[in-house]
Amino acid sequence: MPLPATARTAVPSAPLPLAPSIERQARGVWRYLRMQGAAPGEADDLVQEAFVVALQKGALRLEPAAAFTFLRRTARFLFLRRRQGGLEANLLADAVDELWQRDCEADGGDGMLDALRRCLSRLTGRARRAVELSYGLVGHDPASRDDVAAALGLQPNGVKTLMQRARQQLRVCIEARPVEDRS
Amino acid sequence: MNPDQRLRQRALDLQLDALLGEAAGVLPAPDLTERLRAAVLAHARPAPSRHLLLAAALLALAVVGTLSWWRNAERAAFVPVQDPPPASQDPVAKDAPVQDPTPKPLPKRWVTVITDYSDNHVQVVDQDGKVVRELGEIYGAWDAELLPNGNLLVTEFSVSRVREINPNGNTVWDFENLKNPYVAQRLPDGNTLIADTFGGRVIEVSPEGEIVWEYLGTRPFDAERLPNGNTLIADVIDDRVIEVDKDGKTVWQLRGVPSVHDADRLPNGNTLVTLRHAHAVREYDKDGKIVWELTGLSSPSDADRLPNGNTLVAENTVVREFSPDKKVVWKWNATWAVEANRYYFADAPEKKGDKKDDVGRKK
């Protein structure tokens, strides 16, 4: 896949973005990469690489939305180049990209994250605890399925089922968030 | 499920995993923005003149390897910003008040305010084990403080809000410009100190909602204003407890305390620290030496030293009060207790007539 085209419409004299804009864009690209499956440290590296490319191409002088699109596409390219995953990886990246544009493009995913936090607090006791333990919420390190099973007095398979159900409930709850929260 | 549906399901899973990770505090490297900003600034500097370029090129031809600087100039901007040198561990808090640590006889009437994260509620339990007040729908309840006026100051992690709720259940004050706070403390002057945990700051907010003081660059799991005006912060991102003055200068610190969830300065000048992953509560002296500890706890998230010398600990499914010789003298079962605060009431003669009790109920 070729790198995104040079930012031809960039105005060389246009000011480079200030700190809040950089932070917002970096955070958005980082979140996008995490959704593509990048590990946290890997996402840090790729955000840097994408910014280097954007600087070289003058893309950071574009309007913020266009600059972000450039950064996102560049990050996707760099991520896939690292993974060398072939057709299936590309198709999966496309599917994630589609979801990003549907759910997160407008606000960088902040609305979804807020909705998730609200939805987490609405899960019932045991399902919520399983999610919190599994993902290391509220100060824990993420626990293994066996550890979660021990903590909840369940078999590991029971935890698997509980987690599948909890994830589905979260998904439905997030999807059902009010339209005004979708930016 | 056909291949397209499988692919979409996998994409949905990745999206949810990433968001759950972020909700759990998996975030970009703290210095990432700084590095990017440095790169942008370096890029924005005016280019050297043609004469200088020519001179540089001639020099480069003369010295093999000089050109590598030019090639690497962009990359050089990404050298991580050096951390400031660590502040010394000397306990500067020389002016910290040293109070008489001798336990005093306690009043007979007290309540314990228990914050139950999993059940989204706060319970006020009296000395007889009776629930005298209960608040529901406190989403992600992480802290609750009983104020002298009978109101409760509650911190809602999940909806990023701090609220003062009166005995009728009405919100009389709130502050929402936060990202998943853990703790709030009402100060004597009416301001509120908030550990805005995932906002990466500790702030002091006036009753009008104006931020009048802030300390940035931390992930505070706990913050409290000390009698000397400094602020004690449990900074989980650097595994330390710090005492900062009004100018944000670190005047004391305790390093090497991973997953520190709570830190309280005691009247004797020592610091009581709750270590969730170590399943322990430790009392450190000013030099960082452990002088007392409770171990084998169940993921504690809060501990308070009571005026009688006992220690009240919130640990998951139970709140327990331990005597100095580590015997359990009181306990209360919960679903997921994250914070417990004890309040004692002066033994005053009962008055007749219609009045409100200590927790705001009409008698």
Side-chain angles (χ1 to χ4, degrees), chain A residues 15-19 22-23 25-27 30-37 40-41 43-44 47-48 51-52 55-56 60 88 91-100 103-104 109 112-114 116-118 120-122 125 128-129 131-132 134-142 167 170-171 174, chain B residues 3-4 7-29 31-37 39-44 74-75 77-78 117-120 138-142 156-160 180 182 221 236 259 261 276-277 299 301 316 335-336 338:
Chain A
L16 281 164
L18 296 174
I22 293 172
E23 186 168 2
Q25 291 187 325
R27 182 64 174 262
W30 189 89
R31 187 177 281 157
Y32 170 79
L33 284 162
R34 292 278 294 135
M35 288 180 181
Q36 285 286 3
D44 290 340
V47 169
Q48 284 186 14
F51 264 78
V52 170
L55 279 167
Q56 288 168 342
L60 291 187
E88 195 172 339
L91 290 173
L92 181 59
D94 285 346
V96 173
D97 211 55
E98 197 178 304
L99 286 177
W100 175 273
D103 298 327
C104 306
M112 271 202 97
L113 186 60
D114 286 345
L116 172 74
R117 287 186 171 126
R118 285 178 166 80
L120 272 170
S121 70
R122 285 168 174 76
R128 176 159 147 200
R129 190 143 193 200
V131 173
E132 288 172 336
S134 298
Y135 285 90
L137 293 156
V138 291
H140 292 277
D141 282 334
R167 289 173 66 92
L170 285 173
R171 173 62 57 193
I174 292 169
Chain B
D4 279 352
L7 206 61
R8 186 175 163 76
Q9 188 56 49
R10 178 86 187 103
L12 285 166
D13 285 345
L14 282 169
Q15 191 185 49
L16 190 58
D17 282 343
L19 291 171
L20 281 164
E22 217 171 316
V26 179
L27 298 170
D31 63 348
L32 180 61
T33 307
E34 268 318 306
R35 282 183 272 165
L36 298 175
R37 203 177 297 161
V40 170
L41 287 175
H43 198 81
E74 200 81 66
R75 221 180 306 153
F78 283 95
Y117 178 77
S118 196
D119 283 349
N120 294 323
I138 306 295
Y139 292 111
W142 198 271
E156 296 174 280
F157 174 83
S158 300
V159 291
S160 296
N180 305 101
Y182 265 18
F221 274 20
V236 81
S259 189
H261 266 59
R276 190 174 177 88
H277 290 180
S299 299
S301 52
N316 269 2
T335 306
W336 189 330
V338 289

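Using a 4.5 Å cut-off between heavy atoms, B:L32 contacts chain A through its side chain alone, with no backbone atom that close. Looking at A:L116, only its side chain comes within 4.5 Å of chain B, counting heavy atoms on both sides. Both the backbone and the side chain of A:L99 come within less than 4.5 Å of a heavy atom in chain B. In this structure, the portion of A:Q36 lying under 4.5 Å from any heavy atom of chain B is its backbone and not its side chain. In this structure, no portion of B:D4 lies under 4.5 Å from any heavy atom of chain A.
Your options are A:R167, A:R34, A:R27, and the one with the most heavy-atom pairs under 4.5 Å with chain B is A:R167. Ranked by heavy-atom pairs shorter than 4.5 Å toward chain A, the options B:V159, B:L27, B:V236, B:V338 are led by B:L27.
Note: B:W142 and B:F157 have tilted aromatic rings, judged against thresholds of 30 and 60 degrees for the angle between ring planes.
There is a side-chain donor-acceptor pair under 3.5 Å between A:R171 and B:Q15.
In this structure, A:R129 fails the cation-pi test against B:Y117, since its NZ or CZ atom is not both closer than 6.0 Å to the six-membered ring centre and inside 45 degrees of the ring normal.
A pairwise comparison of heavy atoms in B:H261 and B:S301 identifies CB-O, 3.5 Å as the closest pair.
The number of heavy atoms from other shown groups lying within 6.0 Å of CD (B:Q9) is above 12.
With hydrogens and angles ignored, the 3.5 Å screen pairs a side-chain donor or acceptor of B:N120 with a backbone N or O of A:S121.
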